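Bear in mind the structure is a predicted one, so any value in this text is a computation, not a measurement.
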Amino acid sequence: MKRAKKIGYTLLWLFVMVVIFLFSAQTAVQSSAESSFIEELLLKLTGNLLPEGIRANLEFLIRKAAHMSIYTCFSITGLLAVREYLTALPSAKKQRLASIIVFLSGVLYACSDEWHQTFVPGRDGSLRDVLIDSLGVLVGILLFTFVRILKKKNRMKKTKKQQIRLIALDLDGTLLNSEKNISAASLKALQKAVDAGIEIMAVTGRHLKGGKEALKGVPTGLIRYMITCNGAAVYEMESEKLILEIPFPDEVVFSLLADLNQLAIMVDAFCDGLAYMDTKNEAFIEVLEMPPIMQEYMWNSRIHVEDMPAYLQEHGIHVQKLTINFRRDENGEWIDRDKTKDIAQSYGLTAVSGGFANVELTAPEATKGNSLLAFAEKIGYKKEEIMAFGDSGNDISMLLAAGTGVAMGNADEPVKEVADLITETNDKDGVAKQILCVLSEI
(Lines give C-alpha, C1' and ligand atoms only; values in the text may rest on other atoms or scores of the structure.)
Protein backbone atom coordinates (compact mmCIF):
# COMPACT_ATOMS: atom_id res chain seq x y z
CA MET A 1 0.00 0.00 0.00
CA LYS A 2 2.78 2.46 0.96
CA ARG A 3 4.72 1.64 -2.20
CA ALA A 4 1.58 2.09 -4.33
CA LYS A 5 0.98 5.55 -2.82
CA LYS A 6 4.58 6.55 -3.46
CA ILE A 7 4.41 5.44 -7.09
CA GLY A 8 0.94 6.94 -7.62
CA TYR A 9 1.82 10.37 -6.24
CA THR A 10 5.11 10.41 -8.15
CA LEU A 11 3.33 9.62 -11.42
CA LEU A 12 0.74 12.32 -10.68
CA TRP A 13 3.52 14.88 -10.15
CA LEU A 14 5.20 13.81 -13.39
CA PHE A 15 1.85 14.11 -15.19
CA VAL A 16 1.55 17.76 -14.10
CA MET A 17 5.10 18.38 -15.38
CA VAL A 18 4.15 16.87 -18.74
CA VAL A 19 1.05 19.09 -18.95
CA ILE A 20 3.20 22.17 -18.29
CA PHE A 21 5.65 21.06 -20.98
CA LEU A 22 2.85 20.52 -23.52
CA PHE A 23 1.40 23.99 -22.87
CA SER A 24 4.88 25.48 -23.31
CA ALA A 25 5.30 23.62 -26.59
CA GLN A 26 2.29 25.40 -28.13
CA THR A 27 3.05 28.03 -30.74
CA ALA A 28 2.06 31.64 -30.12
CA VAL A 29 -0.93 31.21 -32.46
CA GLN A 30 -2.20 28.10 -30.63
CA SER A 31 -1.74 29.66 -27.21
CA SER A 32 -3.46 32.88 -28.25
CA ALA A 33 -6.41 30.97 -29.72
CA GLU A 34 -7.01 29.12 -26.42
CA SER A 35 -6.73 32.34 -24.39
CA SER A 36 -9.12 34.13 -26.77
CA PHE A 37 -11.67 31.32 -26.47
CA ILE A 38 -11.63 31.53 -22.66
CA GLU A 39 -11.75 35.36 -22.84
CA GLU A 40 -14.86 35.31 -25.06
CA LEU A 41 -16.52 32.75 -22.80
CA LEU A 42 -15.88 34.84 -19.68
CA LEU A 43 -17.16 38.01 -21.35
CA LYS A 44 -20.37 36.23 -22.36
CA LEU A 45 -20.89 34.90 -18.83
CA THR A 46 -20.13 38.19 -17.04
CA GLY A 47 -21.50 40.71 -19.52
CA ASN A 48 -20.67 44.20 -18.31
CA LEU A 49 -20.01 43.13 -14.71
CA LEU A 50 -16.22 43.27 -15.12
CA PRO A 51 -14.55 46.69 -14.85
CA GLU A 52 -13.26 48.16 -18.10
CA GLY A 53 -9.64 47.89 -16.94
CA ILE A 54 -9.97 44.14 -16.36
CA ARG A 55 -11.87 43.57 -19.62
CA ALA A 56 -9.15 45.34 -21.60
CA ASN A 57 -6.44 43.14 -20.09
CA LEU A 58 -8.48 39.95 -19.73
CA GLU A 59 -6.40 37.82 -22.09
CA PHE A 60 -3.21 38.78 -20.24
CA LEU A 61 -4.81 38.00 -16.86
CA ILE A 62 -6.07 34.64 -18.13
CA ARG A 63 -2.57 33.68 -19.27
CA LYS A 64 -0.99 34.62 -15.93
CA ALA A 65 -3.76 32.94 -13.91
CA ALA A 66 -3.14 29.76 -15.94
CA HIS A 67 0.58 29.99 -15.15
CA MET A 68 -0.08 30.37 -11.46
CA SER A 69 -2.77 27.67 -11.28
CA ILE A 70 -0.76 24.96 -13.03
CA TYR A 71 2.24 25.63 -10.78
CA THR A 72 -0.04 25.50 -7.73
CA CYS A 73 -1.00 22.00 -8.93
CA PHE A 74 2.71 21.27 -9.45
CA SER A 75 3.34 22.24 -5.83
CA ILE A 76 0.51 20.20 -4.27
CA THR A 77 1.22 17.02 -6.24
CA GLY A 78 4.93 17.50 -5.54
CA LEU A 79 4.33 17.68 -1.80
CA LEU A 80 2.21 14.51 -1.90
CA ALA A 81 5.00 12.70 -3.75
CA VAL A 82 8.06 14.01 -1.88
CA ARG A 83 6.52 13.35 1.56
CA GLU A 84 6.26 9.65 0.65
CA TYR A 85 10.06 9.55 0.33
CA LEU A 86 10.61 11.19 3.73
CA THR A 87 8.56 8.89 5.96
CA ALA A 88 11.45 8.31 8.37
CA LEU A 89 11.41 11.99 9.42
CA PRO A 90 9.19 13.53 12.12
CA SER A 91 6.02 15.04 10.66
CA ALA A 92 6.97 18.72 11.11
CA LYS A 93 10.48 18.25 9.77
CA LYS A 94 9.14 16.21 6.86
CA GLN A 95 6.74 19.02 5.88
CA ARG A 96 9.49 21.64 6.05
CA LEU A 97 11.96 19.63 3.99
CA ALA A 98 9.31 18.61 1.43
CA SER A 99 8.27 22.26 1.06
CA ILE A 100 11.87 23.35 0.42
CA ILE A 101 12.44 20.56 -2.13
CA VAL A 102 9.19 21.30 -3.98
CA PHE A 103 9.72 25.08 -3.99
CA LEU A 104 13.24 24.76 -5.41
CA SER A 105 12.02 22.17 -7.93
CA GLY A 106 9.21 24.51 -8.98
CA VAL A 107 11.54 27.47 -9.48
CA LEU A 108 14.01 25.37 -11.51
CA TYR A 109 11.21 23.85 -13.59
CA ALA A 110 9.76 27.33 -14.24
CA CYS A 111 13.18 28.51 -15.44
CA SER A 112 13.56 25.49 -17.74
CA ASP A 113 9.99 26.05 -18.94
CA GLU A 114 10.73 29.62 -19.97
CA TRP A 115 14.01 28.57 -21.61
CA HIS A 116 12.08 25.88 -23.54
CA GLN A 117 9.70 28.53 -24.89
CA THR A 118 12.59 30.38 -26.59
CA PHE A 119 12.70 27.47 -29.09
CA VAL A 120 8.94 27.66 -29.85
CA PRO A 121 7.80 29.83 -32.84
CA GLY A 122 6.43 33.15 -31.69
CA ARG A 123 7.24 32.51 -27.99
CA ASP A 124 9.99 33.80 -25.74
CA GLY A 125 11.10 33.44 -22.13
CA SER A 126 10.11 35.91 -19.42
CA LEU A 127 11.55 36.52 -15.96
CA ARG A 128 8.13 37.86 -14.96
CA ASP A 129 6.55 34.49 -15.78
CA VAL A 130 9.19 32.71 -13.69
CA LEU A 131 8.21 34.91 -10.74
CA ILE A 132 4.49 34.25 -11.34
CA ASP A 133 5.11 30.50 -11.59
CA SER A 134 7.18 30.60 -8.39
CA LEU A 135 4.34 32.44 -6.67
CA GLY A 136 2.01 29.63 -7.79
CA VAL A 137 4.34 27.08 -6.20
CA LEU A 138 4.33 29.07 -2.97
CA VAL A 139 0.52 29.31 -3.00
CA GLY A 140 0.32 25.52 -3.39
CA ILE A 141 2.63 24.97 -0.40
CA LEU A 142 0.57 27.36 1.73
CA LEU A 143 -2.72 25.73 0.69
CA PHE A 144 -1.37 22.24 1.41
CA THR A 145 -0.11 23.33 4.85
CA PHE A 146 -3.37 25.13 5.65
CA VAL A 147 -5.47 22.05 4.80
CA ARG A 148 -3.24 19.85 7.00
CA ILE A 149 -3.69 22.26 9.93
CA LEU A 150 -7.47 22.31 9.42
CA LYS A 151 -7.63 18.50 9.33
CA LYS A 152 -5.66 18.27 12.56
CA LYS A 153 -7.94 20.80 14.28
CA ASN A 154 -11.04 18.94 13.09
CA ARG A 155 -9.67 15.68 14.48
CA MET A 156 -9.08 17.34 17.85
CA LYS A 157 -12.61 18.80 17.88
CA LYS A 158 -14.05 15.40 17.02
CA THR A 159 -12.15 13.80 19.90
CA LYS A 160 -13.40 16.38 22.42
CA LYS A 161 -17.03 15.76 21.42
CA GLN A 162 -16.80 12.01 21.86
CA GLN A 163 -17.54 10.16 25.08
CA ILE A 164 -14.74 7.60 25.46
CA ARG A 165 -15.90 4.33 27.06
CA LEU A 166 -13.09 1.95 26.01
CA ILE A 167 -9.34 2.63 26.01
CA ALA A 168 -7.12 0.10 24.21
CA LEU A 169 -3.43 0.22 25.14
CA ASP A 170 -0.50 -1.33 23.37
CA LEU A 171 2.13 -2.46 25.88
CA ASP A 172 5.75 -2.31 24.65
CA GLY A 173 6.68 1.23 23.70
CA THR A 174 3.31 2.57 24.84
CA LEU A 175 2.08 1.73 28.35
CA LEU A 176 5.48 0.25 29.29
CA ASN A 177 8.44 2.60 29.49
CA SER A 178 11.92 1.77 28.18
CA GLU A 179 12.64 -0.22 31.34
CA LYS A 180 9.52 -2.33 30.67
CA ASN A 181 7.75 -0.88 33.71
CA ILE A 182 4.44 0.96 34.18
CA SER A 183 4.95 4.30 35.89
CA ALA A 184 3.07 5.35 39.00
CA ALA A 185 1.52 8.20 37.01
CA SER A 186 0.16 5.74 34.42
CA LEU A 187 -1.31 3.46 37.10
CA LYS A 188 -2.97 6.44 38.77
CA ALA A 189 -4.45 7.62 35.46
CA LEU A 190 -5.73 4.12 34.64
CA GLN A 191 -7.43 3.92 38.04
CA LYS A 192 -9.08 7.30 37.50
CA ALA A 193 -10.34 6.17 34.11
CA VAL A 194 -11.82 2.97 35.55
CA ASP A 195 -13.43 4.94 38.39
CA ALA A 196 -15.01 7.14 35.70
CA GLY A 197 -16.57 4.06 34.08
CA ILE A 198 -14.06 3.58 31.25
CA GLU A 199 -13.01 0.04 30.32
CA ILE A 200 -9.24 -0.43 29.93
CA MET A 201 -7.88 -3.27 27.83
CA ALA A 202 -4.37 -4.30 26.81
CA VAL A 203 -3.58 -4.94 23.15
CA THR A 204 -0.23 -6.56 22.46
CA GLY A 205 1.83 -8.64 20.11
CA ARG A 206 2.86 -10.74 23.11
CA HIS A 207 1.24 -14.04 24.02
CA LEU A 208 -1.04 -14.18 27.08
CA LYS A 209 1.64 -15.30 29.51
CA GLY A 210 4.05 -12.60 28.32
CA GLY A 211 1.32 -9.95 28.46
CA LYS A 212 0.35 -10.88 32.01
CA GLU A 213 4.01 -10.82 33.04
CA ALA A 214 4.30 -7.26 31.69
CA LEU A 215 1.23 -6.22 33.72
CA LYS A 216 2.17 -7.95 36.96
CA GLY A 217 2.31 -4.59 38.78
CA VAL A 218 -1.24 -3.67 37.77
CA PRO A 219 -3.92 -4.20 40.45
CA THR A 220 -6.33 -7.04 39.71
CA GLY A 221 -9.40 -5.88 37.81
CA LEU A 222 -7.87 -2.66 36.53
CA ILE A 223 -7.25 -4.21 33.09
CA ARG A 224 -9.77 -7.01 32.59
CA TYR A 225 -9.26 -7.97 28.95
CA MET A 226 -6.28 -8.51 26.66
CA ILE A 227 -5.92 -8.83 22.91
CA THR A 228 -2.81 -10.91 22.27
CA CYS A 229 -0.69 -12.02 19.31
CA ASN A 230 -1.57 -8.89 17.28
CA GLY A 231 -5.25 -9.76 17.34
CA ALA A 232 -5.13 -13.54 16.93
CA ALA A 233 -6.65 -14.11 20.39
CA VAL A 234 -8.66 -12.20 23.01
CA TYR A 235 -8.72 -13.27 26.66
CA GLU A 236 -10.39 -12.38 29.93
CA MET A 237 -7.20 -11.85 31.90
CA GLU A 238 -7.88 -13.13 35.39
CA SER A 239 -9.61 -16.37 34.35
CA GLU A 240 -7.58 -16.68 31.11
CA LYS A 241 -10.86 -17.50 29.36
CA LEU A 242 -10.52 -17.37 25.58
CA ILE A 243 -13.10 -14.98 24.14
CA LEU A 244 -12.01 -14.88 20.50
CA GLU A 245 -9.37 -16.72 18.46
CA ILE A 246 -8.19 -16.39 14.85
CA PRO A 247 -5.38 -18.97 14.49
CA PHE A 248 -3.57 -20.10 11.36
CA PRO A 249 -5.33 -22.98 9.56
CA ASP A 250 -3.29 -26.13 10.33
CA GLU A 251 -2.90 -26.96 6.65
CA VAL A 252 -1.29 -23.54 6.11
CA VAL A 253 0.94 -23.13 9.14
CA PHE A 254 3.02 -26.29 8.78
CA SER A 255 3.63 -25.69 5.08
CA LEU A 256 4.56 -22.11 5.99
CA LEU A 257 6.97 -23.27 8.71
CA ALA A 258 8.64 -25.66 6.28
CA ASP A 259 9.26 -22.77 3.85
CA LEU A 260 10.51 -20.43 6.58
CA ASN A 261 12.87 -23.03 7.99
CA GLN A 262 14.82 -22.90 4.73
CA LEU A 263 15.94 -19.38 5.65
CA ALA A 264 18.59 -18.14 8.11
CA ILE A 265 16.03 -16.64 10.50
CA MET A 266 14.60 -17.23 13.97
CA VAL A 267 10.94 -18.31 14.02
CA ASP A 268 8.91 -18.47 17.25
CA ALA A 269 5.33 -19.76 17.48
CA PHE A 270 2.74 -18.20 19.78
CA CYS A 271 0.07 -20.73 20.72
CA ASP A 272 -2.65 -21.00 23.38
CA GLY A 273 -1.23 -18.12 25.40
CA LEU A 274 2.34 -19.45 25.31
CA ALA A 275 5.37 -19.17 23.01
CA TYR A 276 7.62 -21.89 21.58
CA MET A 277 11.07 -21.70 20.06
CA ASP A 278 13.35 -24.26 18.44
CA THR A 279 16.45 -25.16 20.47
CA LYS A 280 18.55 -24.77 17.32
CA ASN A 281 17.84 -21.01 17.48
CA GLU A 282 18.94 -20.45 21.09
CA ALA A 283 22.26 -18.88 20.07
CA PHE A 284 20.34 -16.59 17.68
CA ILE A 285 19.01 -14.52 20.60
CA GLU A 286 22.49 -13.33 21.55
CA VAL A 287 23.06 -11.59 18.19
CA LEU A 288 19.66 -9.87 17.96
CA GLU A 289 19.79 -6.05 17.93
CA MET A 290 17.68 -5.35 20.98
CA PRO A 291 18.25 -4.29 24.61
CA PRO A 292 19.50 -7.02 26.98
CA ILE A 293 16.21 -6.82 28.88
CA MET A 294 14.36 -7.90 25.72
CA GLN A 295 16.85 -10.67 24.97
CA GLU A 296 16.30 -11.97 28.49
CA TYR A 297 12.53 -11.73 28.06
CA MET A 298 12.67 -13.70 24.81
CA TRP A 299 14.77 -16.45 26.38
CA ASN A 300 12.62 -16.80 29.49
CA SER A 301 9.20 -16.43 27.85
CA ARG A 302 9.70 -19.22 25.28
CA ILE A 303 9.23 -22.95 25.76
CA HIS A 304 12.35 -24.47 24.21
CA VAL A 305 11.63 -27.60 22.14
CA GLU A 306 13.53 -29.63 19.56
CA ASP A 307 12.03 -29.53 16.06
CA MET A 308 9.29 -27.02 16.88
CA PRO A 309 7.03 -27.76 13.86
CA ALA A 310 7.01 -31.48 14.65
CA TYR A 311 6.32 -30.79 18.33
CA LEU A 312 3.36 -28.51 17.56
CA GLN A 313 1.91 -30.95 15.05
CA GLU A 314 2.35 -33.94 17.35
CA HIS A 315 0.56 -32.20 20.23
CA GLY A 316 -2.21 -30.69 18.07
CA ILE A 317 -1.34 -27.12 19.06
CA HIS A 318 -2.98 -24.31 17.06
CA VAL A 319 -0.64 -21.47 16.13
CA GLN A 320 -1.92 -17.95 16.73
CA LYS A 321 1.13 -15.98 15.56
CA LEU A 322 4.65 -16.43 14.21
CA THR A 323 7.32 -13.95 15.26
CA ILE A 324 10.41 -13.82 13.05
CA ASN A 325 13.66 -12.12 14.02
CA PHE A 326 16.66 -11.40 11.83
CA ARG A 327 20.38 -10.75 12.06
CA ARG A 328 22.54 -8.60 9.80
CA ASP A 329 25.19 -9.66 7.29
CA GLU A 330 28.65 -8.07 7.02
CA ASN A 331 27.17 -5.22 4.95
CA GLY A 332 24.57 -4.37 7.59
CA GLU A 333 21.64 -5.80 5.59
CA TRP A 334 18.96 -7.91 7.28
CA ILE A 335 19.50 -11.52 6.24
CA ASP A 336 16.47 -13.07 4.46
CA ARG A 337 14.05 -10.36 5.64
CA ASP A 338 12.79 -9.64 2.12
CA LYS A 339 12.48 -13.36 1.38
CA THR A 340 10.42 -13.76 4.55
CA LYS A 341 8.04 -10.99 3.44
CA ASP A 342 7.75 -12.59 -0.01
CA ILE A 343 6.80 -15.92 1.55
CA ALA A 344 4.24 -14.22 3.81
CA GLN A 345 2.76 -12.43 0.81
CA SER A 346 2.52 -15.67 -1.16
CA TYR A 347 0.36 -17.12 1.65
CA GLY A 348 -1.76 -13.96 1.87
CA LEU A 349 -0.88 -13.39 5.54
CA THR A 350 -0.96 -10.26 7.68
CA ALA A 351 2.65 -9.16 8.17
CA VAL A 352 3.57 -6.29 10.50
CA SER A 353 6.54 -5.20 12.60
CA GLY A 354 6.36 -5.08 16.38
CA GLY A 355 9.78 -3.45 16.74
CA PHE A 356 13.49 -4.27 16.35
CA ALA A 357 12.94 -4.87 12.61
CA ASN A 358 11.10 -8.13 13.25
CA VAL A 359 8.21 -9.50 11.18
CA GLU A 360 5.07 -10.82 12.88
CA LEU A 361 2.73 -13.06 10.90
CA THR A 362 -0.91 -13.84 11.61
CA ALA A 363 -3.89 -15.13 9.67
CA PRO A 364 -5.21 -12.49 7.21
CA GLU A 365 -8.14 -11.50 9.45
CA ALA A 366 -6.07 -11.40 12.64
CA THR A 367 -5.16 -7.76 13.28
CA LYS A 368 -5.33 -5.64 16.40
CA GLY A 369 -7.92 -3.45 14.70
CA ASN A 370 -10.26 -6.28 13.68
CA SER A 371 -10.17 -7.92 17.11
CA LEU A 372 -10.66 -4.59 18.88
CA LEU A 373 -13.83 -3.90 16.87
CA ALA A 374 -15.08 -7.48 17.33
CA PHE A 375 -14.55 -7.24 21.10
CA ALA A 376 -16.17 -3.81 21.28
CA GLU A 377 -19.24 -5.05 19.42
CA LYS A 378 -19.50 -8.05 21.73
CA ILE A 379 -19.34 -5.86 24.84
CA GLY A 380 -21.55 -3.14 23.40
CA TYR A 381 -19.21 -0.25 22.59
CA LYS A 382 -19.38 1.85 19.43
CA LYS A 383 -16.33 2.63 17.32
CA GLU A 384 -16.67 6.31 18.24
CA GLU A 385 -16.37 5.42 21.92
CA ILE A 386 -12.96 3.75 21.54
CA MET A 387 -9.58 5.40 22.05
CA ALA A 388 -6.48 3.37 21.10
CA PHE A 389 -2.80 4.05 21.85
CA GLY A 390 0.19 2.62 19.94
CA ASP A 391 3.72 3.14 18.71
CA SER A 392 4.63 0.47 16.14
CA GLY A 393 3.52 -0.84 12.76
CA ASN A 394 1.40 -3.56 14.35
CA ASP A 395 -0.69 -0.81 16.03
CA ILE A 396 -1.74 0.99 12.84
CA SER A 397 -4.85 -1.14 12.24
CA MET A 398 -5.96 -0.49 15.82
CA LEU A 399 -5.50 3.28 15.59
CA LEU A 400 -7.48 3.30 12.35
CA ALA A 401 -10.22 1.10 13.83
CA ALA A 402 -10.73 3.25 16.92
CA GLY A 403 -12.78 6.41 16.95
CA THR A 404 -9.67 8.19 18.24
CA GLY A 405 -6.19 6.88 17.49
CA VAL A 406 -3.33 8.20 19.64
CA ALA A 407 0.32 7.81 18.63
CA MET A 408 3.04 7.97 21.24
CA GLY A 409 5.71 10.65 20.91
CA ASN A 410 8.21 7.81 20.33
CA ALA A 411 6.03 6.16 17.68
CA ASP A 412 7.26 5.24 14.22
CA GLU A 413 6.46 7.94 11.67
CA PRO A 414 3.83 5.86 9.75
CA VAL A 415 1.96 5.43 13.06
CA LYS A 416 1.95 9.18 13.66
CA GLU A 417 0.68 9.73 10.12
CA VAL A 418 -2.54 7.77 10.75
CA ALA A 419 -3.11 9.00 14.31
CA ASP A 420 -5.71 11.58 15.30
CA LEU A 421 -3.57 12.76 18.20
CA ILE A 422 0.07 12.53 19.25
CA THR A 423 0.90 12.41 22.96
CA GLU A 424 4.17 12.40 24.91
CA THR A 425 6.63 9.49 24.74
CA ASN A 426 6.31 6.31 26.78
CA ASP A 427 9.13 7.55 29.03
CA LYS A 428 7.28 10.82 29.71
CA ASP A 429 3.93 9.31 30.75
CA GLY A 430 2.29 9.92 27.38
CA VAL A 431 -0.57 7.49 28.11
CA ALA A 432 -1.29 9.04 31.51
CA LYS A 433 -1.30 12.59 30.17
CA GLN A 434 -3.72 11.80 27.34
CA ILE A 435 -6.06 9.84 29.62
CA LEU A 436 -6.17 12.76 32.03
CA CYS A 437 -7.08 15.02 29.09
CA VAL A 438 -9.95 12.66 28.26
CA LEU A 439 -11.16 12.68 31.87
CA SER A 440 -11.10 16.47 31.94
CA GLU A 441 -13.61 16.47 29.05
CA ILE A 442 -16.09 14.16 30.83
Side-chain angles (χ1 to χ4, degrees), residues 1-28 30-31 34-35 38 60-153 155 407 409 411-419 422:
M1 179 63 179
K2 284 190 257 183
R3 189 173 177 224
K5 280 178 65 178
K6 182 186 291 187
I7 294 172
Y9 286 147
T10 302
L11 290 175
L12 186 60
W13 193 22
L14 291 173
F15 173 76
V16 174
M17 293 183 196
V18 171
V19 170
I20 293 173
F21 178 85
L22 292 176
F23 277 129
S24 298
Q26 290 180 328
T27 65
Q30 291 171 323
S31 179
E34 288 186 358
S35 300
I38 297 173
F60 171 81
L61 293 174
I62 290 171
R63 286 175 178 275
K64 302 317 164 188
H67 269 270
M68 195 166 171
S69 299
I70 194 65
Y71 273 89
T72 297
C73 294
F74 174 99
S75 179
I76 293 172
T77 55
L79 284 169
L80 289 170
V82 172
R83 284 173 58 87
E84 291 300 312
Y85 293 88
L86 303 174
T87 54
L89 297 178
S91 184
K93 187 174 182 180
K94 176 169 63 176
Q95 180 63 19
R96 286 196 299 270
L97 183 56
S99 297
I100 292 170
I101 291 172
V102 169
F103 181 75
L104 293 176
S105 300
V107 172
L108 290 173
Y109 198 72
C111 291
S112 68
D113 180 39
E114 293 304 310
W115 178 73
H116 168 231
Q117 289 184 43
T118 63
F119 297 93
V120 179
R123 306 285 294 273
D124 56 12
S126 167
L127 178 60
R128 180 180 59 190
D129 284 349
V130 171
L131 294 176
I132 292 173
D133 296 342
S134 300
L135 181 59
V137 175
L138 185 59
V139 168
I141 292 172
L142 293 175
L143 280 173
F144 189 92
T145 304
F146 179 69
V147 170
R148 283 180 55 81
I149 292 172
L150 277 183
K151 286 175 67 176
K152 184 176 181 180
K153 286 185 176 180
R155 287 199 300 259
D412 298 334
E413 190 60 26
V415 181
K416 291 180 179 179
E417 285 291 323
V418 303
I422 299 175

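Minimum heavy-atom separation, Leu79 to Gly140: CD1-O, 4.4 Å. Counting all heavy atoms, side chain and backbone alike, Glu114 lies closest to Asp133 at OE2-OD2, 3.9 Å. In terms of heavy atoms, Ala81 sits closest to Trp13 at CB-CE3, 4.0 Å.
Of the possible polar contacts, one joining the Lys416 side chain to the Gly409 backbone as a donor-acceptor pair under 3.5 Å is found. The closest donor-acceptor contact from the side chain of Tyr109 to the backbone of Met17 lies under 3.5 Å.
Separation of atoms NZ (Lys94) and CD (Glu84) is listed at 7.0 Å; rounding is to 0.5 Å. Leu138 CG to Leu143 CG: the interatomic distance, rounded to the nearest 0.5 Å, is 10.0 Å. Rounding to the nearest 0.5 Å gives a distance of 9.0 Å between CZ of Arg83 and NZ of Lys5. Taking OG from Ser112 and CD from Gln117, the interatomic distance works out to 10.0 Å, rounded to the nearest 0.5 Å. How far CG of Leu127 is from CG of Leu131: 4.5 Å, rounded to the nearest 0.5 Å.
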Donor-acceptor pairs under 3.5 angstrom involving side-chain atoms of residues 68-76: please list them, not counting sequence neighbours.
{"unit_1": "Ser69", "atom_1": "OG", "unit_2": "Ala65", "atom_2": "O", "d": "2.8"}
{"unit_1": "Thr72", "atom_1": "OG1", "unit_2": "Met68", "atom_2": "O", "d": "2.9"}
{"unit_1": "Thr72", "atom_1": "OG1", "unit_2": "Gly136", "atom_2": "O", "d": "3.0"}
{"unit_1": "Ser75", "atom_1": "OG", "unit_2": "Val137", "atom_2": "O", "d": "2.8"}
{"unit_1": "Ser75", "atom_1": "OG", "unit_2": "Ile141", "atom_2": "N", "d": "3.1"}

Would you list the atom pairs, donor with acceptor, under 3.5 Å between side chains in residues 101-108 and any protein atom, with sequence neighbours excluded?
{"unit_1": "Ser105", "atom_1": "OG", "unit_2": "Ile101", "atom_2": "O", "d": "2.7"}

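Considering only residues two or more places apart in sequence or on other chains, Thr10 meets the side-chain hydrogen bond (donor to acceptor under 3.5 Å, both in side chains) condition with Tyr85.
Residues Gln95 and Phe144 form a side-chain contact, since some pair of their non-hydrogen atoms from C-beta on lies under 4.5 Å apart.
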